[in-house]
There are 2 protein chains.
Amino acid sequence: MKIAVLGTGEVGRRLASKLVALGHQVTLGSRSADHEGATAWAAEHDAAHGTFAAAAGGAELVVNATGGMVAMAALEAAGAENLAGKVLVDVSNPLDFSEGFPPKVATPDGASLAEQIQRAFPDARVVKTLNTMTNTVMVDPARVPGDHVVFVCGDDPAAKEAVTDLLRSFGWPDARIVDLGDLSGARGTELLLPLWLRLMGTLGTADFNFGILKA
Amino acid sequence: MKIAVLGTGEVGRRLASKLVALGHQVTLGSRSADHEGATAWAAEHDAAHGTFAAAAGGAELVVNATGGMVAMAALEAAGAENLAGKVLVDVSNPLDFSEGFPPKVATPDGASLAEQIQRAFPDARVVKTLNTMTNTVMVDPARVPGDHVVFVCGDDPAAKEAVTDLLRSFGWPDARIVDLGDLSGARGTELLLPLWLRLMGTLGTADFNFGILKA
């Protein structure tokens, strides 16, 4: 599949590299066409890079892996016309570090960032997933033993199924892909970040994930 | 131990009943001395009931099991002098249902309810715990199979150890009592509630809990 990964940080590069390894045609999107990190990544992985708009425009599926506080600006740069009708996988977290660590989760009016993105780009098919774990676990769930989970939610069932297929290709078994229903489920997963960050500190590692145990 | 449980809802009665069963001298505290539910509970369990102030005044350890949005008022009614020097176990969640379901988590200024309580009652020794699961699991963790966890945090190490002892007596093994450090860890556990509520809906049961899996 032709996939655009927007965001050249650790998360974006990790996802883009995994997608390349899985045989997808990946373009890493960044603010400028000559972004140094994106250029280096593309050369190393025999893949493409370009502006947010160029990347999204040529893609069938778009991954938002930009920082949550700049995600809206990045998607505006990508352009509504380049997102329309496409599955838009949002893996970002709206973490506001403006007052230092720990950051606050920015959820104006109680809505998640994913819902804000869906409102701003009503023709995109937004699916929230993967934002509740470190990037190495996202693409290699076997790295953490046991029945830990990945959450997925979105308003478009077909888009959610397409993203679930991607998760399966990353190594996530069906039983551990937890469907939270419509996109408002992202409120819960985005607000999980303060606990995640706290645990990263107390456990001394980011290599962990949450499980759900039932009676 | 002489324990006051403030709050006559399902959580308060469940905790109070467990503490009676464990041999503690329990007083269930409510707004009025003749609260119908508290009177009935006390008669049934051969235990005591009384106002928030009477309950807290006679206790060595106080449990806040009131609804999070009325917790501050209940603790003010209990009285700072009746809380001073005592371990105050906060199991409540500041869920604001004023705009319907799902509720928002009320964390003014980014601080947790537990921290607000500690600020308002600086001589109490506040420990946050048990707020991330349904009340039946709180007092009977074996009800849910597997390595699910309970979080504990607080600024007073001795108070936290006393609460950890209580958790052990409820059946929580040490390896599943997760110390999140100081009381600001409650920001993470209180913000877990939107995901918990969402999962209750999608799983169709409250009989579940979270686990933490490490690489």
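Below, chain A is the first sequence line, B the second, and so on; all start at residue 1.
Using a 4.5 Å heavy-atom cutoff, the side chains of B:N209 and A:I212 are not in contact. Counting heavy atoms from C-beta outward, B:V149 and A:F210 have side chains that stay 4.5 Å or more apart.
Contact annotation for A:D182: both backbone and side-chain heavy atoms come within less than 4.5 Å of a heavy atom of chain B. Contact annotation for A:K214: both backbone and side-chain heavy atoms come within less than 4.5 Å of a heavy atom of chain B. Heavy atoms closer than 4.5 Å to chain A are found in the side chain of B:V178, but not in its backbone.
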Begin with the C-alpha distance, continue with both residues' side-chain angles, and end with the deciding distance and a verdict on side chain to side chain donor-acceptor pair (under 3.5 Å) for B:S184 and A:R198. CA-CA 9 Å; B:S184 66; A:R198 184 73 170 210; 2.7 Å; yes

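The most heavy-atom pairs under 4.5 Å with chain B, out of A:A215, A:G185, A:G110, come from A:A215. Highest contact tally toward chain A, considering only B:T189, B:L192, B:V144, is held by B:V144 [criterion: heavy-atom pairs under 4.5 Å]. Ranked by heavy-atom pairs shorter than 4.5 Å toward chain B, the options A:G188, A:G201, A:P194 are led by A:G188.
Counted within 6.0 Å of CD on A:E161, heavy atoms from surrounding residues, nucleotides or ligands total more than 12; the atom is thus considered enclosed. For CD of B:E76, the number of neighbouring non-hydrogen atoms (other residues, nucleotides, ligands) closer than 6.0 Å is greater than 12. Surrounding CZ of A:R31 are at most 12 heavy atoms belonging to other residues, nucleotides or ligands under 6.0 Å away.
In this structure, A:L193 CG and B:L191 CG are separated by 10.5 Å, a value rounded to the nearest 0.5 Å.
For the pair B:L180 and A:L195, the tightest heavy-atom approach, listed with the atom from each and the gap, is CD1-CD1, 3.8 Å.
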